[in-house]
Amino acid sequence: MESSLNAARRARDLDDARDEVADLLVVGLGATGAGVALDAAARGLSVVAIDAHDLAFGTSRWSSKLIHGGLRYLASGQIGLARESAAERHVLIRHTAPHLVKAQPYLLPLTPDVSAATARKLMTGYRLGDVLRAAAGTPRKLIPGPARLGAAEALDLVPALAADGLRGALRSYDGRVVDDARLVVALARTAAGHGARVMTRCRALGLAGDGAEVRDELSGDTFTIRAKAVVNATGVWAGGLAPEITLRPSRGTHLVLREGVLGPLRAGMHVPIPGESSRFLLVLPQSDGHVLVGLTDEPVEGPVPDVPDVPEGDVEFLLGTLNGVLGVPVTRDQVAGAHAGLRPLLDTGTGRTADLSRRHAVLKGGDGVVTVVGGKLTTYRRMAEDAVDAACPRARRSTTARLPLVGATTRGVRAPWRLVERYGSEAEDIAALIAANRALGAKVLPGGPTTWAELVWAVRHEGALDEDDLLDRRTRIGLVPEDRAAALKVARHVLSLQP
């Protein structure tokens, strides 16, 4: 079946969903919900998957882009969770999304604040992480092993480091996804290719074990979707549809720095957070030239917002920690943007949110609704498999560990590398759009990387319905408010041209 998502397909799927009884209704289309839809559809089940907003609207687009091997969980003694994380990293980088997931080098600078004993302990952790890599079957050519570097080598990779007192650095490698929102889009489209009805702007007003009352947020119409089983995959908003679920949301804030603020970066960084034994500030260079700096882990009280605000205290904390290892500090006016996501952590009644387990939980309510919460981006596939097993116990076994997502190859693709690493094999289709109409090769922003063709592709094939979808999720232009404002006119024009 065709994997394209667009307004016309949404209209057809809406009509069909009103008249049928699906095997499974999935509510929420972040990484976990889209993963549930794919897992079930690939097992041959009929699936309807809805979201009140858009694909990757919530937590999934605000991650650190890490596809990691569980090193942090080793430090806290969660061996099983670390092993699971390494195994799921292997699945993504080797089988399902090799076009989107690659290895990223990181430096941990050995400043005067990092003692020799701490450095030895950290290197031991990196080596244990390498053991997990080997156990998962990931070859060293995909995730190289750790090494200790001298000060000159460290400064060559990250010249922005303060040279005074620098003893060198620990270099490690881990997985990273080029764009977390694009991973979710690939999941949703692959599910659609297996027959799932994937519909955004459809809000579940209430859930039951046999379906949901739904409102079409575009037309205002209210209708019923009937299903034999229901999975609530709404993440941090899960308690709104399953009141028996108690979560402790945690806010993770990132700063966005423009290209050049930190000079040339040939590696990311792990910067130890003062007073913490297993938490690090992350510095992550992006393929578009921007650099992400994150992240916080702060409890959030009260109602859960659709889009969290970023407190100034988070910005100050991140800048202060980063500047502790730099030769020239980054100033507040050099921060081009900031965003925050909320982690859906299951409330255990004790400890800080930073100390709560990232293990996921699959919970079945008295009404039969299955809710999946917790977890992290890296393990979305295992979360989805467990949720479908719980909701549809008679279904055949999951096949997603070896199921390539849409675009999942870079071999022999004839297109610019920037397109290949974001679209995989479909980069050739976008290049063909530009070849057929040279105007589509124009940049959305002068000097920026994104072309008009990518916006056209997003509308025709990736389910983008408005300018927010285009700028905030199909591309990430919206991460910098100034750039977003400058791109609005182009986004609206592209939308106006589509049938």
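Since we're looking at a predicted model, the values are computed, not measured. Positions are given from 1 along the sequence.
Using a 4.0 Å cut-off between charged nitrogen and carboxylate oxygen, D23 and R394 do not count as a salt-bridge pair. Looking at E385 and R397, no side-chain N of the basic residue comes within less than 4.0 Å of a carboxylate O on the acidic one, giving no salt bridge. With respect to the salt-bridge test (charged N to carboxylate O, under 4.0 angstrom), the residues R422 and D288 do not qualify. Looking at R492 and E467, a side-chain N of the basic residue comes within less than 4.0 Å of a carboxylate O on the acidic one, giving a salt bridge. Using a cut-off of 4.0 Å between Lys/Arg side-chain N and Asp/Glu carboxylate O, R9 and E2 are scored as not salt-bridged. Ionic pairing of D469 and R201 is present here: one or more N-O contacts between side-chain nitrogen and carboxylate oxygen are shorter than 4.0 angstrom.
With values rounded to the nearest 0.5 angstrom, K364 atom NZ is found 11.5 Å from T371 atom OG1. How far CG of D314 is from OG1 of T296: 4.0 Å, rounded to the nearest 0.5 Å. With rounding to the nearest 0.5 Å, the separation of OG1 in T378 from CG in L92 is 7.5 Å. Atom NZ in K376 sits 12.5 Å away from atom CZ in R343 (nearest 0.5 Å). D306 contributes atom CG, which lies 5.0 Å from atom CZ of F57 (distance to the nearest 0.5 angstrom). The distance from the CG atom of L247 to the CH2 atom of W237 is 11.0 Å, given to the nearest 0.5 Å.
L403 is listed as a side-chain neighbour of H194, based on a closest heavy-atom distance under 4.5 Å. Using a 4.5 Å cut-off on side-chain heavy atoms (C-beta onward), D179 and R61 make no contact. Between S64 and H254, the closest side-chain pair of non-hydrogen atoms falls below 4.5 Å. Proximity of R10 to L465: side-chain heavy atoms (C-beta onward) are separated by under 4.5 Å at one or more points. In this structure, the side chains of L488 and L471 come closer than 4.5 Å at one or more pairs of heavy atoms. Using a 4.5 Å heavy-atom threshold, the side chains of P311 and E298 count as separate. Here the side chains of V372 and D386 are not in contact, with every heavy-atom distance at 4.5 Å or above. Residues L282 and L66 form a side-chain contact, since some pair of their non-hydrogen atoms from C-beta on lies under 4.5 Å apart.
Taking all atoms of both residues into account, the shortest heavy-atom contact from V413 to V420 is CG1-CG2, 3.9 Å. The heavy-atom pair separating I93 from L142 by the smallest distance is CD1-O, 4.1 Å. Across all non-hydrogen atoms, the minimal contact from A191 to A37 is CB-C, 3.9 Å. The two residues A204 and L241 have their closest heavy-atom pair at O-CD2, 3.7 Å. Closest heavy-atom contact between N232 and A242: ND2-CB, 3.8 Å. Closest of all the heavy-atom pairs between L433 and A453 is CD1-O, 4.0 Å.
With hydrogens and angles ignored, the 3.5 Å screen pairs no side-chain donor or acceptor of T234 with any backbone N or O of G28. Judged by distance alone, the side chain of S85 and the main-chain N or O of H68 form a donor-acceptor pair under 3.5 Å. R248 contributes no side-chain N or O that, together with a main-chain N or O of L345, makes up a donor-acceptor pair within less than 3.5 Å. Put simply, the side chain of E428 gets close to the backbone of R414: a donor and an acceptor are under 3.5 Å apart. In this structure a side-chain-to-backbone donor-acceptor pair under 3.5 Å is present from S496 to H493.
Here the rule is salt bridge (charged side-chain N to carboxylate O under 4.0 Å, His left out) with E88, and of R94, R381, R83 only R381 fits it. Checking V91, T190, L38 one by one against T96, the side-chain contact (heavy atoms from CB on, under 4.5 Å) holds for a single residue, V91. In summary, of the residues considered (V230, V198, L25), a side-chain contact (heavy atoms from CB on, under 4.5 Å) with V48 occurs for L25 alone.
Below 30°, between 30° and 60°, or above 60°: for W457 and H461 the angle between ring planes is between 30° and 60°, a tilted geometry.
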- Item | side chain to side chain contact (heavy atoms under 4.5 Å, CB included) between T253 and L295, worked out | CA-CA 5 Å; T253 295; L295 75 169; 5.9 Å; no
- Check the pair T451 / L440 against side chain to side chain contact (heavy atoms under 4.5 Å, CB included), numbers first and verdict last. CA-CA 7 Å; T451 63; L440 296 182; over 6 Å; no
- Message: For a side chain to side chain contact (heavy atoms under 4.5 Å, CB included) check, start with the C-alpha distance between I225 and R197, then their side-chain angles and the critical distance, and finish with the verdict.
- Response: CA-CA 12 Å; I225 293 179; R197 304 192 191 284; over 6 Å; no
- Task: Let me see the working for F223 and L14 under side chain to side chain contact (heavy atoms under 4.5 Å, CB included), right down to the final yes or no.
- Result: CA-CA 10 Å; F223 57 97; L14 266 174; 3.4 Å; yes
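Legend: residues meeting side-chain hydrogen bond (donor to acceptor under 3.5 Å, both in side chains) with R474, ordered by chain and number and at least two apart, are D54. Under the salt bridge (Lys or Arg N to Asp or Glu O under 4.0 Å) criterion, K102 pairs with no residue at all, not counting sequence neighbours. Judged as a side-chain hydrogen bond (donor to acceptor under 3.5 Å, both in side chains), and not counting sequence neighbours, Y380 has no contacts.
In the displayed structure, K443 atom NZ is contacted under 6.0 Å by more than 12 heavy atoms of other residues, nucleotides or ligands. Counting non-hydrogen atoms of other residues, nucleotides and ligands closer than 6.0 Å to CG of N437 gives a total above 12. Counting heavy-atom neighbours within 6.0 Å of E20 CD, excluding the residue itself, gives a total above 12.
Between D180 and S60, the side chains place no donor N or O within less than 3.5 Å of an acceptor N or O (distance only, hydrogens not considered). Looking only at atom types and distance, the side chain of T138 has a donor-acceptor partner in the side chain of H90 under 3.5 Å away.
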